[in-house]
*Asks:* 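I am attaching a structure below and will ask some questions about it afterwards.
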Amino acid sequence: QVQLVESGGGLVQAGGSLRLSCAASGSIVSINTMGWYRQAPGKQRELVANITSGGSTNYADSVKGRFTISRDNTKNTAYLQMNSLKPEDTAVYYCNAEGYYSIYLRVISFGSWGQGTQVTVSS
């Protein structure tokens, strides 16, 4: 199995910045896509941004120009740099990864979620 551990959430004033990290561990063969999702109280989980192993990125319209996703393939880690934060960015942020891992000489696909990290933006 593959585990994802997020870090970097917290409380920040509007206009401030935070950087989230997501580290994947386990018998990883390769990770295709890593992404960040968020879920605010009473709302559905939504995609914030994702990035492929080749570096192609995709962003929600609401965060374009303010958030930047990146990854270090050598560390199996993804980052989300969040600038110009707004109160509406307040949510639990979840990391997601999809790829392949090895077990008992077999290669199996996986899709994993982190435990989530709270981001709160005060006005």
*Asks:* Any side-chain heavy atom of Asp72 within less than 4.5 Å of one from Tyr79?
*Replies:* yes
*Asks:* Report the distance from atom CD1 of Ile103 to atom CD1 of Ile108, rounding to the nearest 0.5 Å.
*Replies:* 6.0 Å
*Asks:* So which atom in Met34 and which in Cys95 form the shortest heavy-atom distance, rounded to 0.1 Å?
*Replies:* CE-SG, 4.4 Å
*Asks:* Distance-only check: which donor-acceptor pairs under 3.5 Å involve side-chain atoms of residues 51-60, not counting sequence neighbours?
*Replies:*
from: Thr52; atom 1: OG1; to: Gly54; atom 2: N; distance (Å): 3.3
from: Thr52; atom 1: OG1; to: Gly55; atom 2: N; distance (Å): 3.3
from: Thr52; atom 1: OG1; to: Ser56; atom 2: N; distance (Å): 3.1
from: Tyr59; atom 1: OH; to: Ile69; atom 2: N; distance (Å): 2.9

*Asks:* At their closest point, which heavy atom of Ala14 faces which heavy atom of Pro87, and how far apart are they?
*Replies:* CB-CD, 4.1 Å
*Asks:* Between Val29 and Leu105, is there a shared hydrophobic cluster once you connect ILVMFWY residues whose side-chain heavy atoms come closer than 4.5 Å?
*Replies:*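 Cluster IDs for Val29 and Leu105 differ.
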*Asks:* Would you give the length of the straight line joining atom CG of Leu47 to atom CZ of Arg45, rounded to the nearest 0.5 angstrom?
*Replies:* 11.5 Å
*Asks:* Distance check, rounded to the nearest 0.5 Å: Asn96 atom CG versus Trp113 atom CH2?
*Replies:* 4.5 Å
*Asks:* Could you measure the distance from the OG atom of Ser112 to the CG atom of Leu4? Nearest 0.5 Å is fine.
*Replies:*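 These two atoms lie 5.0 Å from each other.
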*Asks:* How far apart are the closest heavy atoms of Phe110 and Ser30, and which atoms are they?
*Replies:*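 That would be CE2-O, 3.9 Å.
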*Asks:* What is the minimum heavy-atom distance between Leu85 and Arg66, and which atoms define it?
*Replies:*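 For Leu85 and Arg66, the tightest heavy-atom pair comes out as CA-NH1, 3.9 Å.
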*Asks:* Are any of the side-chain nitrogens in Asp89 or Lys86 under 4.0 Å away from the carboxylate oxygens of its partner?
*Replies:*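 Judged by the 4.0 Å cut-off on N to carboxylate O distance, Asp89 and Lys86 do not form a salt bridge.
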*Asks:* Rounded to the nearest 0.5 Å, what's the gap from CD on Glu6 to OH on Tyr93? Could you check?
*Replies:* 12.5 Å
*Asks:* State, with a plain yes or no, whether a side-chain heavy atom of Glu98 is found less than 4.5 Å away from one of Asn50.
*Replies:*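 Not in contact.
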*Asks:* Measure the CD-CD distance between Gln115 and Gln3 for me, rounded to the nearest 0.5 Å.
*Replies:*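 With rounding to 0.5 Å, CD (Gln115) is 11.5 Å from CD (Gln3).
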*Asks:* With a 3.5 Å distance limit and no angle check, can you tell me whether Thr90 reaches the backbone of Val121 through a side-chain donor-acceptor pair?
*Replies:* yes
*Asks:* Please determine whether residues Val63 and Leu18 belong to a single hydrophobic cluster, defined as Ile, Leu, Val, Met, Phe, Trp and Tyr linked transitively by side-chain heavy-atom distances below 4.5 Å.
*Replies:*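 In one cluster with Val63: Leu18, yes.
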*Asks:* Kindly give the heavy-atom pair with the smallest separation between Ala97 and Ile31, and that separation in Å.
*Replies:*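 Nearest pair, atom of Ala97 first, then Ile31: CB-CG2, 4.1 Å.
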*Asks:* Only one of Leu80, Val92, Leu11, Leu20 passes side chain to side chain contact (heavy atoms under 4.5 Å, CB included) with Val119; say which it is.
*Replies:* Leu20
*Asks:* Quick check: do Gln81 and Ser17 have side-chain heavy atoms less than 4.5 Å from each other?
*Replies:*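 Heavy-atom side-chain distance check passes, below 4.5 Å.
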*Asks:* Looking at side-chain heavy atoms only, is the closest gap between Arg38 and Ser62 below 4.5 Å?
*Replies:* yes
*Asks:* Using every non-hydrogen atom in the two residues, find where Trp36 and Cys22 come nearest and quote the distance to one decimal.
*Replies:* CZ2-CB, 3.5 Å
*Asks:* Are the side chains of Val12 and Met82 in contact, using a 4.5 Å heavy-atom criterion?
*Replies:* no
